[in-house]
Every structure is written in C-alpha cells, then in structure tokens.
Amino acid sequence: MPELPEVETTRRGVEPHCVGRAIAGVVVREPRLRWPVPNQLATLLVGQIIESVERRAKYLLFRTQTGSLLVHLGMSGSLRLVDADASPARHDHIDVLLDDEVCLRYHDPRRFGCFLWLGAGENHPLLAHLGPEPLSSQFDGDVLYQRSRGRKSPVKNFIMDGKVVVGVGNIYANEALFISGIRPDRAAGRISAARYQRLAKNIKQVLTSAIDQGGTTLRDFVGGDGSPGYFAQRLLVYGRAGQPCTCCDAALREVRLGQRSSVFCATCQR
DNA sequence: CGCTGACCCTGACGGC
DNA sequence: TGCCGTCAGGGTCAGC
C-alpha cells in the first residue's frame, strides 16, 4: 500500500499517540523482514521515550534520546495503534507497547519492510545517499534537468530513482507524467528544462493532494479498520490501461519499464 | 557512474 | 474445486 502519501498519513496518525510516551515493551513475533529485526531491539527501546516521529523518504524514524527506530513499510506494511490486549492477527509481526495500554502494531504480509535501530549520531547507510524530499525547496525542475543530462533510461525510471528524488512511487510517477504530458518511456536526458519545471511542480502537486486525501481518513486512524478509502477514484492513468484517456478519449496504453507497469496516453503524452 | 534484471515474500485473481 | 502463471504500492544488489 504505501507510497509516500500513506507513509506521511501514517506518521501523522501515530505521532500524537507516540510523542512523549515511554516504550514499555517490544514483541517480535516474526523477525524475518527485508533485513532481520535486531535481536537487541527490545533492550534498546524499552524505557526510552519517543521524542518525535519523523519521515525521511518512505522511512519513519521514531526518535529517542539514544537513537531511532527506523521503520519501512515495504509494499504491504502498515502501522496501526491498537489496544494492547487486542490479539494479533496473521502477519502482525511486531508490537511496540507504549506506556498506557496502547500498542503500535506492525502488519506486513510480504515482509518487504524493515525494523532497524539507528544509534544517535549515526548515519544509517540506507539513508546516506537519498536524494531531496519531493515536497521540499531542495527539489525543483532544475534538479531534474541537471541530474538528467546524459541519461538514456526512461524518465519514469529516472524520477523513481531515490538518488534523484525520494518518495515518487509507481502510482504517482505515472500520474505526474500524465499530467505533465510526458511519455514515461522518453529518455530522461532528452527532456527540456521547461518540461522538467512542469514535471517537478506536478510531482509536488500530486503528492500533496494525495496526502490531503489521506488526511481525510486520519480521524479514524486509531481503531480504524485499516482500509482507508484511499484515492484510487482520483487516479487518471494508473490501473486504467485500455480505458479511455480522461483528456482525449483514446485508449490508454501500458508498457513495462523497470519491471513496473506504466500507463500512458500516446496522444497526450510525448 | 549508469543501467538492467534478479530477488526478497505472500496473496489475489484469471484461465483452464 | 484446484492448480498454475502472473501481478502487486517497495527497495537492494550483483554484474556488465
């Protein structure tokens, strides 16, 4: 499920319940995630107070005085707040017990996510080479233009490269390219500065509006059923191969780029 | 350095 | 009803 807007929605949902609270316990039922969950995770976390919940790319960082819990949701992960006495379901791999009967519960059928420890002052290798946040002023059309010179790979792969800009997943890469009128298979190095200005703006716009919509499910995040309405009804191209383009009515086409499905309108996107 | 493809894993779905 | 292939929002890594 998680693209950047959902990770951010998760962050906003859990933050008020975590900040200022002490960690009373950690239960790891299944340590085999993308990387093994460290054995000493419970020892490191118990007794620590969560000072903040931050996000970098699609990673969540639960900061304490001695370091941070680094969480990634992978393809199928979710973090929810549940009553500490709620019995775990299948694929509920990890519980972080907070100090007053609230439990932060990690669910991840495919186990592509991770739960790692990052000591205070350390720079985790997973975070070391990440590009700018898409919603920050560090990211703009100039960054895309400069970094793309000489690149032959498709522009869609290029904007999904975390060293260029973080947090642009498959859905929003497709959507932003459609809105920008750029074919996903066009070589990144052969796109003008002006078009990259538009693309950067549209990446920001598309992510921002998705976060806003994620926010609408936020109020029942605690004790919610875990299936937010999401924003599928707003998608213009993703998941719509063969259906008419919302702009010109031509059938949307699908190609695979970097093993990921890419949907576009051959008329509107050049 | 840039690029491609394999891989990690479970579950849903369509065709037969 | 079941079996099989394909695909799914993530990202790393080896190899060329």
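None of the values given here were measured: they were computed from a predicted structure. Each chain gets a letter, A, B and so on, in the order the sequences are listed, and its residues count up from 1.
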Just by distance, with hydrogens left out, do [X] and [Y] show a side-chain donor and acceptor under 3.5 Å apart?
{"X": "A:Q48", "Y": "A:T66", "result": "yes"}
{"X": "A:R63", "Y": "A:S68", "result": "yes"}
{"X": "A:H93", "Y": "A:D108", "result": "no"}
{"X": "A:Q197", "Y": "A:D142", "result": "yes"}
{"X": "A:Q138", "Y": "A:S136", "result": "no"}

Could a donor-acceptor pair under 3.5 angstrom be found where the side chain of A:R111 meets the base of B:dC9?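 Result: no qualifying N/O pair found.
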Want to know the stems of DNA chain B: at least 3 consecutive Watson-Crick or G-U pairs with distances under 3.5 Å, which are they? B:2-8 with C:10-16, B:10-16 with C:2-8
Determine the interatomic distance between P on B:dC9 and the same-named atom on C:dC3; round to the nearest Å. 23 Å
Grab the [atom1]-[atom2] distance between [X] and [N] for me, whole Å please.
{"X": "A:F158", "N": "B:dC1", "atom1": "CZ", "atom2": "C1'", "result": "14 Å"}
{"X": "A:Q259", "N": "B:dT4", "atom1": "CD", "atom2": "P", "result": "10 Å"}
{"X": "A:L235", "N": "C:dG9", "atom1": "CG", "atom2": "C1'", "result": "11 Å"}
{"X": "A:L257", "N": "C:dC7", "atom1": "CG", "atom2": "P", "result": "14 Å"}
{"X": "A:E3", "N": "C:dG11", "atom1": "CD", "atom2": "C1'", "result": "13 Å"}
{"X": "A:R147", "N": "B:dC1", "atom1": "CZ", "atom2": "P", "result": "10 Å"}
{"X": "A:W35", "N": "C:dG11", "atom1": "CH2", "atom2": "P", "result": "10 Å"}
{"X": "A:M160", "N": "C:dT12", "atom1": "CE", "atom2": "P", "result": "12 Å"}

A:Q269 vs A:L177 side-chain heavy atoms within contact, under 4.5 Å: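 They are in side-chain contact.
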What is the nucleic acid contact for A:L126, judged by heavy atoms within less than 4.0 Å: base, sugar-phosphate only, or nothing?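 Sugar-phosphate only.
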Would you indicate what A:R151 reaches in the nucleic acid, counting non-hydrogen atoms under 4.0 angstrom: base, sugar-phosphate, or nothing?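 Here A:R151 touches the backbone only, sparing every base.
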Which nucleotide sits closest to the side chain of [X]: [options]?
{"X": "A:F112", "options": "C:dA8, B:dT4, B:dC8", "answer": "B:dC8"}
{"X": "A:R110", "options": "B:dT10, C:dG11, C:dG9", "answer": "B:dT10"}
{"X": "A:H91", "options": "C:dT12, C:dA8, B:dT10", "answer": "B:dT10"}
{"X": "A:R34", "options": "B:dC8, C:dG9, B:dG11", "answer": "B:dC8"}
{"X": "A:P109", "options": "C:dG9, B:dG11, C:dT12", "answer": "B:dG11"}
{"X": "A:Y238", "options": "B:dT10, C:dG9, B:dG5", "answer": "C:dG9"}
{"X": "A:M75", "options": "C:dG9, B:dT4, C:dT12", "answer": "C:dG9"}
{"X": "A:K58", "options": "B:dT10, B:dG2, C:dG11", "answer": "C:dG11"}

With respect to the phosphate group of C:dA8, does any side-chain polar atom (N or O) of A:S261 fall under 4.0 Å of OP1 or OP2? yes
side-chain N/O A:S153 vs B:dC3 OP1/OP2, d < 4.0 Å: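 Affirmative; the distance criterion is met.
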Is it true that A:Y106 and A:F115 have ring centroids separated by less than 6.0 Å?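 Centroid distance A:Y106-A:F115: below 6.0 Å, so yes.
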Can you tell me if A:D161 uses its side chain to pair, donor with acceptor, with the backbone of A:K163 under 3.5 Å?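 Looks like yes, one N/O pair under 3.5 Å.
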